[in-house]
There are 2 protein chains.
Amino acid sequence: MGTREQLVDSTRELLWERGYVGTSPKAIQQRAGAGQGSMYHHFAGKRELALAAIERSADELLAAADELCAPGTALERVTAYLRREREVLKGCPVGRLTQDPDIVADPQLRAPVDESLARLRARLTEVLDEGRAAGELPAVLDTAALAATVVAVLQGGYVLARAAGAPEPFDQAVSGVLALLAAHAH
Amino acid sequence: MGTREQLVDSTRELLWERGYVGTSPKAIQQRAGAGQGSMYHHFAGKRELALAAIERSADELLAAADELCAPGTALERVTAYLRREREVLKGCPVGRLTQDPDIVADPQLRAPVDESLARLRARLTEVLDEGRAAGELPAVLDTAALAATVVAVLQGGYVLARAAGAPEPFDQAVSGVLALLAAHAH
DNA sequence: GTCTATAGACAGATAGAC
DNA sequence: GTCTATCTGTCTATAGAC
């Protein structure tokens, strides 16, 4: 792998683990096995490196959301996405960034976070719309609201799991929302 | 207010806004209007100050949860708690701390976060149990899982709102889960 | 492209005067 | 109790050699 990619990858990991404020150029260089000069040759500084890393994480989130386009009923697809294998205790590489004041305050850095989560919700809304059209869900339900609920359960599940130091609350939260959705499914 | 309380209060605010890593002793002192000597007289250091601040925030979270013990049906009480007035874009002062590696890694600092969120879920479970006993909810539903879902919707709602830079996704997520719960309520 | 040297500012804390 | 001085290390970057 090229040095440039190594640097972006290390930044991605560190942003995930420690956030923007908690990630220093020095730590990035050490993890990437690159020197100061190398890093500042490829990137103008920490911010530009973070931008590349965030965009890459956002792309991965959307790539995983492609699973929602698989065959099956709407509820099967939502279930598969929620039950997807995840590193629950590490949290969401994208959602995590919303707790970083320097990222939220910077329009350029926040944009990929905003857009990827918005698109995920939009895709979920489409799937739920299909399910509603197929009679899986009552026509009165607001699918956009339900999509927000589903994504929020994921993001909040991570929070509860990290607080507890165990993945169980995440699994409970997912089971709970799926039970509510399934109760309408016939 | 005493200097000691001012210091704890400033720390609470800064932990909320910038997290543990992003909060320096100097910033705490400036916001509290206290000097170095004063801070280190009252507290051994940043960590001890953070511990006091986190415990206070955890207490406030539980105090707000007392609303769940108000009169009314289970669903009315859950709705009132979810619709409670919140500074959505600021996020949850307690949940926010789960993204801080230094807090999650330190059992003493993580304990108040863990316990308060666990108790909130426990209280919600009781309320939902009452609702189930009263016939508001189907007997087959797992109330502990539903409680985790409800809290996760809140915590995840904050994440979505901060990503979007607007409170709407939070409101949608709350509306979605309430619609699912209400559909069973008769 | 990568290296080393350098630099001003801040982090986090200690020491001792008052 | 609070103040000022001091200290070691890190943050984030720049400069220039190779």
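Note on naming: letters A, B, ... go to the chains in the order of the sequence lines (proteins, then strands), and numbering restarts at 1 for each one.
- No hydrogens or angles considered: a donor-acceptor pair under 3.5 Å links the side chains of B:R12 and B:S57.
- Under the 4.5 Å side-chain criterion, counting only non-hydrogen atoms from C-beta, A:R31 is not in contact with A:L7.
- B:I28 is not connected to B:I103 by any chain of hydrophobic side-chain contacts under 4.5 Å among Ile, Leu, Val, Met, Phe, Trp and Tyr, and they are in different clusters.
- At whole-Å resolution of the value, CD in B:Q29 and P in C:dT14 are 13 Å apart.
- The pair B:D102-B:R47 does not meet the salt-bridge criterion, since no charged nitrogen lies less than 4.0 angstrom from a carboxylate oxygen.
- Rounding to the nearest 0.5 Å gives a distance of 8.5 Å between OG1 of A:T125 and CG of A:L146.
- Residues B:Y20 and B:V104 fall into different hydrophobic clusters, defined by Ile, Leu, Val, Met, Phe, Trp and Tyr side chains chained together at heavy-atom separations under 4.5 Å.
- Residues of residues 33-49 of chain B having a heavy atom closer than 4.0 Å to DNA chain D, listed by number: B:G35, B:G37, B:S38, B:H41, B:H42.
- Contact footprint of chain A on DNA chain D: nucleotides with an atom under 4.0 Å from a non-hydrogen protein atom, first to last in 5' to 3' order, D:dC11 to D:dT14.
- How far CG of A:L117 is from OG1 of A:T98: 8.0 Å, rounded to the nearest 0.5 Å.
- When side chains are defined from C-beta on, A:R56 counts as touching A:E60, because their heavy atoms get closer than 4.5 Å.
- Listed pair B:S24 / C:dA11 meets the phosphate criterion, a side-chain N or O lying under 4.0 Å from OP1 or OP2.
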